[in-house]
*Asks:* 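Before anything else, here's the structure in question.
Computed from a predicted model, the values in this text were never measured in an experiment.
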Amino acid sequence: MQSEDIKMTVEDILGKNSDFKKHRICGEFATFTVYYIDGTVDKEVLSRLITDKLKNIKNLEKAVEDGTIPFCSAEKAENAPDAAEALVRGKAAVEQAGGSTYVFDVRNMQSRSVSQPSEENAVKASKDSFVEEVKTNITLLRKKIASPNLTVENIKIGRQSATTVSLVYMSNIASNDLTEKISDVLNSIDIDGIITPGVIEQYFSKNLFTLFPQTVETERPDKVCRSLLLGRAAIIADGIPLAYILPATAAQFLSTPEDYSGNFIFASVVRALRYFLLFIEIFLPGGYVALTTFHFEMIPGNLALSIAETRSGVPFPVVFEVLAMLALFEILIEAGRHMPKSSGQAVSIVGALVVGEAAISADLVSPAALIIVAVSAICSFAMPNQEFSNALRLWRVLLTVFGALIGLFGIVAGGLLLLLRISMIESFGVPYLAPFAGVKKIRFKDSFAVIPDKYNVFRPEELNTKNKRRSK
């Protein structure tokens, strides 16, 4: 394509934009035209390293090759769409009359600086978190894993947005089958653009009709690095301050990086407590409804009399009490999530007064039902992953309904249905319940219990890694 054609085509693509700028520079030996989008380039760098040197240049291509223009990230634009795409990404294009067109990375786009994680608290760990700039996020990973085996493959996704999505993995650890499958999924995405995290989740969730998340989202680079060293892969998209770890298993949602930051005995107790709280969160409301509705004789005498006394003035059945309180707690959680931080405490105080004192004083709910629902809600807050906790909260409602219909038999049936549903989920060939099910050998160490890295020398069997030993 001739230079004049490129010029006219670039202007035809971007000329209607008020921030599209072009400057003609008549040098001693040749004439050049500089294109850029105002506000996206560092004009000082553009002037000092590029435009000031054009006045004494005969051939732009030769000047780039021999270093007369000392810019390491110069690329030749083969056609007008390439040049236009580079401009909207913050680069500047230099066209020589009758010659080639080159683009230079002189971006000066405003971006959020690296800060502490806002959703995942870091106690004894690094205080950095991912930002919206994919290059910055990759740099954070390379600072922690300074290895040539850390591989980054970039793919542009989105017909309109052309979003850069990076597949990150350890080439000497992650299985080729895993990386090829993830790469195939990325290349199959054909949409207008990736703006929200949910787009990536949809394409990497094999079964969309399940409540449980099939990708592990995190804003912490240290969590991603540990997963990469175990043989997993990560997806990082430009404009999204999160990373997605694949494949995902239920055990990952019940562990945190802090489990490996302190005494492993205490960390094991805390992790075991999370499993216990998971059980309490799901089954406590339904169990209470089943016992008080169908199996009152199973409750100890004094406790049964106390519950009956507190319910003497309540006009609603037990199941209505519990479901209404669960719904009210969900409303408070949703309201607090979307309220400004300055108003968050007010919502909590008003909710506690209305839900607690006022409801009991008005004999709308019994104290026992309120305590049961509150304990279950607190247990849900103890889950490290919010998406996983949301799925458990919805199943908690279903089990409560089962308990109200056929008592403890309904609770057992609902629990088996939940277990069956989870066991049917796979993430890139890895069972969701691994390493507790779906593997040759059930593994409780470093899953239910925390094992020091000194003794935990083998990588997870279900990941089918190239190197089975972590020391290699």
*Asks:* For Phe204 and Phe428, take the angle between the two ring planes, folded into 0 to 90°, and tell me which bin it lands in: parallel under 30, tilted 30 to 60, perpendicular over 60.
*Replies:* tilted
*Asks:* Do Tyr260 and Asn456 meet the criterion of a side-chain donor-acceptor pair at a distance under 3.5 Å?
*Replies:* no
*Asks:* Any side-chain heavy atom of Leu392 sitting closer than 4.5 Å to one from Leu278?
*Replies:* yes
*Asks:* Using ring-ring contact (aromatic ring centres under 6.0 Å, His included) as the criterion, list what pairs up with Tyr432, not counting sequence neighbours.
*Replies:* none
*Asks:* Not counting sequence neighbours, list each pair that qualifies as a salt bridge (charged side-chain N to carboxylate O under 4.0 Å, His left out) and has a residue in residues 227-252.
*Replies:* none
*Asks:* Please assess Glu11 against Lys22 for the test salt bridge (Lys or Arg N to Asp or Glu O under 4.0 Å), listing each intermediate value before the final yes or no.
*Replies:* CA-CA 9 Å; Glu11 290 192 42; Lys22 68 173 184 177; 3.0 Å; yes
*Asks:* Is there any salt bridge (charged side-chain N to carboxylate O under 4.0 Å, His left out) pair reaching into residues 170-192, and which pairs are they, with sequence neighbours excluded?
*Replies:* Arg159-Asp190, Arg159-Asp192, Asp177-Lys181
*Asks:* With the threshold set at 4.0 Å, does a side-chain nitrogen-carboxylate oxygen contact exist between Lys440 and Glu462?
*Replies:* no
*Asks:* Test ring-ring contact (aromatic ring centres under 6.0 Å, His included) on Tyr35 and His23 and set out the steps.
*Replies:* CA-CA 7 Å; Tyr35 303 99; His23 295 290; 9.8 Å; no
*Asks:* Check the surroundings of atom OH in Tyr275: do more than 12 heavy atoms from other residues, nucleotides or ligands lie under 6.0 Å from it?
*Replies:* yes
*Asks:* Please list, one pair per line, the donor and acceptor atoms closer than 3.5 Å that link side chains of residues 208-215 to other protein atoms, with sequence neighbours excluded.
*Replies:*
{"from": "Gln214", "atom 1": "OE1", "to": "Lys206", "atom 2": "N", "distance (Å)": "3.0"}
{"from": "Gln214", "atom 1": "OE1", "to": "Asn207", "atom 2": "N", "distance (Å)": "3.4"}
{"from": "Gln214", "atom 1": "NE2", "to": "Asn207", "atom 2": "O", "distance (Å)": "2.5"}

*Asks:* Just checking, any donor-acceptor pair under 3.5 angstrom between side chains of Arg107 and Thr40?
*Replies:* no
*Asks:* Check this for me: does any side-chain nitrogen of one of Asp128 and Lys144 sit under 4.0 Å from a carboxylate oxygen of the other?
*Replies:* yes
*Asks:* With a 4.0 Å cut-off on N to O distance, would you call Glu330 and Arg393 a salt bridge?
*Replies:* yes
*Asks:* Check Ala233 against Leu178 and note the closest heavy-atom contact, atom names and distance.
*Replies:* N-CD2, 4.3 Å
*Asks:* Glu133 and Asn137: side-chain donor and acceptor closer than 3.5 Å?
*Replies:* no
*Asks:* Can you give me the closest heavy-atom contact between Lys135 and Thr139, atom names plus distance?
*Replies:* O-OG1, 2.9 Å
*Asks:* Could you check whether atom CD of Glu334 has more than 12 heavy atoms from other residues, nucleotides or ligands sitting under 6.0 Å from it?
*Replies:* yes
*Asks:* Only pairs at least two apart or in different chains count here, so list each salt bridge (charged side-chain N to carboxylate O under 4.0 Å, His left out) that has a residue in residues 248-269.
*Replies:* Arg220-Glu258, Asp259-Arg271, Asp259-Arg274
*Asks:* Would you say the side-chain atoms of Arg459 pair up with the backbone N or O of Asn467, donor to acceptor, closer than 3.5 Å?
*Replies:* yes
*Asks:* Taking the side chain as every heavy atom from C-beta outward, state whether Thr101 and Val94 have any atom pair closer than 4.5 Å.
*Replies:* no
*Asks:* Can you find a pair of side-chain heavy atoms, one from Leu150 and one from Met170, that are under 4.5 Å apart?
*Replies:* yes
*Asks:* Under 3.5 Å, side chain of Lys58 to main-chain N/O of Ala63, donor-acceptor pair present?
*Replies:* no
*Asks:* Determine the minimum heavy-atom distance between Ser389 and Ser380, stating which atoms define it.
*Replies:* OG-O, 3.0 Å
*Asks:* Quick test of your reading of the model: are Asp222 and Lys143 salt-bridged, counting only N-O distances below 4.0 Å?
*Replies:* no
*Asks:* Table please: side-chain donor-acceptor pairs of residues 25-32 below 3.5 Å, with sequence neighbours left out.
*Replies:*
none

*Asks:* Please test Phe279 against Leu284 for side-chain contact (heavy atoms from CB on, under 4.5 Å), starting from the C-alpha separation and ending with a verdict.
*Replies:* CA-CA 8 Å; Phe279 182 85; Leu284 183 61; over 6 Å; no
